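One structure is given below, encoded as C-alpha cells.
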Amino acid sequence: MKRTEIKSLLQTNEFNGMVNVKGWVRTKRGSKNVAFIALNDGSTIHNVQIVVDVNQFDVKKLEKVTTGAAISVNGQLVQSKGKGQTVEIIAEELEMLGEADPNKYPLQPKKHSLEFLREIAHLRFRTNTFGAITRLRHAMIFAVHKFFTERGFYNIHSPIITGSDAEGAGEMFRVSVLDPKNPPLKEDGSIDFKKDFFGKETNLTVSGQLEAELAALALSKVYTFGPTFRAENSNTPRHLAEFWMIEPEVAFNDIHDNMDLAEEMLKYLVQYALDNCEDDLDFLSKRQQDAEKDKKQDERQMELIEKLNFVLAHDFERITYTRAIDILRNSKPNKKGKFVFPVKEWGMDLQSEHERYLVEKEFKKPVIITDYPKKIKAFYMKQNDDGNTVRGMDVLFPQIGEIIGGSQREEVYDKLYARIKEMNIEEKTLWWYLDTRRFGTVPHSGYGLGFERLMIFVSGMSNIRDVIPFPRTPQNAEF
RNA sequence: UCCUCAGUAGCUCAGUCGGUUAGAGCAUCUGACUGUUAAUCAGAGGGUCGUUGGUUCGAGUCCAACCUGGGGAGCCA
C-alpha cells in the first residue's frame, strides 16, 4: 500500500478506506485497552494520532513502539472522537521499521535545551523545533531563487576555491594537497606552492562578489547563493565559519537602486515565510514566547509574527554615516557615558552598541546606513566626490545587527587602481578584476546577505548554530 | 582572541557556613486505569559531582590550571 504523507492526511475530507502512514513515534500513551501513538513524518509539524486497540495486537510488538521508533501503520482514516485533532487512524496493521531503545535514545517527550540538542545534531531534526526550522529554511532558499528569477536575474556559481584573498574579508581556510609534514620548499625555506595542486596558494572563498561583478558586467543582473568560509576565531551567536551568502550584483544600479533592491528582497522573503510557513511560524513563535519568559521585561522581543509584519509595514530608515554619528553623539546614553565606546569624532567605526541604539531605540525599525568614511571600508567601494566617504551601505536589523553589507562599486579604473595602491593590495592577483574597468566599465552595485542571519530573524531563534543543520564554528565540526 | 557565568542522574536543576548514606521534577522500567493530548496515579532502578592537581582531620562545596558550553566584546554577513 502506498504511503500517504501526514501533511495531506490532515487536510483531507474523505473518510473512506484504508491509508498507510510511515513515520517516527513522538509519544505513546493510553490505558489498558487503547493506546495512542503520535506519529510524525516531517511533512508537517503536526502529528497524526494512531489509535490502537491493544487487545488486537501482539503485546510484545506494542512494547517496542517507543519514542523515536519508526513504524508503518495501515488503518482506517476517520474523524477523531477525541479533542485536539480532527482526524485519526484506527490501526489495523502495524509494522516495526526501526526500533529505538528507550534507555539509549536521547530524545524524550519533553523539552530539551538548545545546547543539548546541538550535541546531538544528528538527531535534532526529529524535534518540532528543528523540523520547523528545516522546512522554513527550505522555503527561504526557494524564495530567494524565486525573487531573483521573477526579476530577471541569473544565478552564478562563483568558485568555492579561489586563488586570491581579493576582498580582504577575513582569515581564509587554505586548500592544499601538499604533505603538511613535509611540504616542498623553495630555496629561501618558504613553502613552494608551485608544486601544489593549482600551482599557487589557494583558499576557500570568503565572498563571491568579485566574480559576480564580472558576470554582472555582461548579464546585467546576477546573483550568487553559495557557501562562504571565514577562518576567523569568532565565538558569537551571529557567526559561523561556514555559512551561506546571497550576493546580487547589478549593472547600472547606483547605491539608491541597491538599497531599494535590498529592502524589497528582505520584505519579499519575510512575506513568503508568512504566506507559506504558517504552521511552523506559529510553533516557533510559541517556542520563542516561552523562552522570553525568562528574560527581563525590557529585554523581551516582539512576538515573532507581529515582528515580521512590523518589518513589512514600515520603510527602512535610510541615513548617512554622518547623520548617524550626529544622532549618536547627541544621544542620552552617549551624554550619560553609558556607551562603552563613547561617540566623539567623525571617522570612528560604529560599534554594535551604537548600531543597536539606532535600530532598537532611535528608529525602532531596520536602518540602512550609507556613505561611510572610506578609511573603514573595502577598496572596491565607489568613492564620493567629497574625497572622504564611499558609497557603502549596511542594513541593520534588531538583535542581529548587520544583516546586509554592500555598496556601489568603484567603476573608474584610475580611482580603483589608486585605492588598491593606497591600501597595499597585491594588484597582480586582481588583474582580471581591473580589466572590467578597462573595457566597457559601467556603474554597478551589489550586496551580501548572510542567509543564516536572515534565518535568525525569520525563525526567532537567538543562536545562529540553531538555524543551520550542521554548524561549523571554532573547535566544532563533529557532524 | 578578551571579559564574564556555568558544568551534580538520560534531560532540566537544587545542594545552606567545608561535616553522617548527594536530592527533586521530567524521562525510563513495573503495576493500576474504558479515548489519551508532554495523559494521570502508585512504586522501583539510575551518580567517577567536567578533568587534573592542591589546601584540609574531612571537598560537590575552597584554591590553581586545563577542557566543554552559554552570554557579552572584537572580526563580519
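Keep in mind that what you see is a predicted model, and the values were worked out from it rather than measured.
Using a 4.0 Å heavy-atom distance criterion, A:Glu452 is classed as making no nucleic acid contact. In this structure, A:Lys104 reaches neither bases nor backbone, as no heavy-atom distance under 4.0 Å exists between it and the strands shown. Using a 4.0 Å heavy-atom cutoff across all strands shown, A:Ile404 reaches sugar-phosphate atoms only and no base atom. Across all strands, A:Thr27 comes closer than 4.0 Å only to sugar-phosphate atoms, never to a base (heavy-atom distances). Nucleic acid contact class of A:Phe36 (heavy atoms, under 4.0 Å, all strands): base. Among the heavy atoms of the strands, none lies under 4.0 Å from A:Glu242. Among the atoms of the strands shown, only primed sugar atoms or phosphate atoms (P, OP1, OP2) are found under 4.0 Å from some heavy atom of A:Asn103. The residue A:Arg118 sits close only to the backbone: its heavy atoms come under 4.0 Å of sugar-phosphate atoms, none of a base. Backbone-only engagement by A:Pro102 is indicated by non-hydrogen atom pairs under 4.0 Å involving sugar-phosphate atoms exclusively. Counting any heavy atom pair closer than 4.0 Å across all strands shown, A:Gly82 reaches a base atom. Within 4.0 Å (heavy atoms only), A:Gly448 reaches sugar-phosphate atoms of the nucleic acid but no base atom. Counting any heavy atom pair closer than 4.0 Å across all strands shown, A:Asn235 reaches a base atom. Contact annotation for A:Gln85: base contact, defined as any heavy-atom pair under 4.0 Å involving a base atom.
Taking the six-membered ring where the residue is Trp, A:Tyr433 and A:Phe379 present perpendicular rings, their angle passing 60° and hence far from 30°. Using a 30° and 60° split on the angle between ring planes, A:Phe173 and A:Phe229 fall in the perpendicular class, above 60°.
To the nearest whole angstrom, the two P atoms, one in B:C75 and one in B:C13, are 32 Å apart. Atom P of B:A59 sits at a distance of 14 Å from the matching atom of B:G18, rounded to the whole Å. Distance noted for atom C1' between B:G25 and B:G46: 15 Å (whole Å).
Between A:Thr236 and the phosphate of B:G71, there is no side-chain N or O to OP1/OP2 separation shorter than 4.0 Å. In this model, the phosphate group of B:C76 is not approached by any side-chain N or O of A:Arg453 to a distance below 4.0 Å at OP1 or OP2. The side chain of A:Asn476 contributes no N or O atom lying less than 4.0 Å from OP1 or OP2 of B:G69. Taking only side-chain nitrogens and oxygens, A:Arg465 comes nearer than 4.0 Å to OP1 or OP2 of B:G70. Taking only side-chain nitrogens and oxygens, A:Lys32 comes nearer than 4.0 Å to OP1 or OP2 of B:C33. For B:A73, one of the phosphate oxygens OP1 or OP2 lies less than 4.0 angstrom from a side-chain nitrogen or oxygen of A:Ser352. For A:Asn233, a side-chain nitrogen or oxygen approaches OP1 or OP2 of B:U1 to under 4.0 Å. A:Ser31 has no side-chain polar atom (N or O) that falls below the 4.0 Å cut-off from OP1 or OP2 of B:U34.
Pairing for B:G58 is absent, judged as Watson-Crick or G-U wobble with the two contacts each under 3.5 Å. For B:C66, the paired nucleotide is B:G50, the pair qualifying as Watson-Crick or G-U wobble because both relevant distances are below 3.5 Å. The partner of B:C26 is B:G10, by the rule that a Watson-Crick or G-U pair needs both atom distances under 3.5 Å. The partner of B:U1 is B:A73, by the rule that a Watson-Crick or G-U pair needs both atom distances under 3.5 Å. Across all strands shown, B:U34 remains unpaired; no Watson-Crick or G-U wobble contact has both distances below 3.5 Å.
Side-chain atoms of A:Arg29 lie closest to B:U36 of the nucleotides B:A77, B:U12, B:U36.
Side-chain rings of A:Phe125 and A:Phe130 stay apart, their centers remaining 6.0 Å or farther from each other. For A:Phe225 and A:Phe243, the ring centers are positioned 6.0 Å apart or more.
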*With ring pair (Phe, Tyr, Trp, His ring centres under 6.0 Å) as the test, would you mind laying out the steps for A:His145 and A:Tyr223 before giving the verdict?*
CA-CA 9 Å; A:His145 289 298; A:Tyr223 70 105; 5.6 Å; yes

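Atom CD in A:Glu232 sits about 10 Å away from atom P in B:C75, given to the nearest Å. Remark: P of B:C5 and CD of A:Glu115 are 18 Å apart, rounded to the nearest angstrom.
A:Phe451 does not qualify as a stacking partner of the B:A77 base, lacking a centre-to-centre distance under 5.5 Å together with planes within 30°.
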